[in-house]
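Accompanying notes for the structure given below.
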Amino acid sequence: MSEQRQTHIIGYGTLVLVWVLLLLLTGTTIAVSRVDLGALHVWAALGIACLKAALVIGIFMHMRYEGRLLRLSLLTALVTLAIFIGLTFFDVLYR
């Protein structure tokens, strides 16, 4: 019985680049929090957080190298989570 395992080796250069990007995005989040954007303040922070999560999931969690079924399952779970969080926001907003 042979078991096929694929290993994905990511170079240190890529990991350092992603780490620097995460630091820059964190700095951007802090900068956005100090600017008065009104209602866009939350959306900007959520957008930056989604970008950071995509970097972590894609690179550090190796989702970039997984099959379509697993990626689709993850996307479905994240969309479902976003819908529930959105419904919670509406519930809190209109109380």
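If you're wondering where the values come from, they're calculated on a predicted model, not measured in any experiment.
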Which donor-acceptor pairs under 3.5 Å do the side chains of residues 34-43 make with protein atoms, sequence neighbours left out?
none

| said: Apply the hydrophobic cluster definition, ILVMFWY joined by side-chain contacts under 4.5 Å directly or through others, and give me every member besides Leu24. | reply: Val16, Trp19, Val20, Leu23
| said: Going by ring pair (Phe, Tyr, Trp, His ring centres under 6.0 Å), name the residues that satisfy it together with Phe60, two or more places apart in sequence or in a different chain. | reply: none
Atom pairs and distances, side-chain donor-acceptor, residues 67-85, under 3.5 Å, sequence neighbours left out:
residue : atom : partner : partner atom : Å
Arg71   : NE   : Glu66   : O            : 3.3
Arg71   : NH2  : Glu66   : O            : 3.4
Ser73   : OG   : Leu69   : O            : 2.9
Thr76   : OG1  : Leu72   : O            : 2.8
Thr80   : OG1  : Thr76   : O            : 2.8

Please report, to 0.1 Å, the donor-acceptor pairs under 3.5 Å made by any side chain of residues 48-56, with sequence neighbours excluded.
residue : atom : partner : partner atom : Å
Lys52   : NZ   : Thr26   : OG1          : 3.1

| note | When rounded to the nearest 0.5 Å, the distance separating CG of Leu22 from OG1 of Thr28 is 11.0 Å
| query | Going by heavy atoms in the side chains, are Ile57 and Arg64 under 4.5 Å from each other? | reply | no
| request: Provide the full list of salt bridge (Lys or Arg N to Asp or Glu O under 4.0 Å) pairs with a residue in residues 22-32, sequence neighbours left out, each pair given once. | output: none
| task | Find out whether Tyr12 and Leu17 are in side-chain contact, i.e. whether some heavy atom of one side chain is under 4.5 Å from a heavy atom of the other. | result | no
| message | Would a single hydrophobic cluster contain both Leu46 and Val32, if residues Ile, Leu, Val, Met, Phe, Trp and Tyr are joined by side-chain heavy-atom contacts under 4.5 Å? | response | no
| task | Mind jotting down which residue pairs meet the salt bridge (Lys or Arg N to Asp or Glu O under 4.0 Å) criterion with at least one end in residues 12-29? Sequence neighbours excluded, please. | result | none
| note | Residue pairs meeting side-chain hydrogen bond (donor to acceptor under 3.5 Å, both in side chains), one or both in residues 83-95, sequence neighbours left out, come to Asp91-Arg95
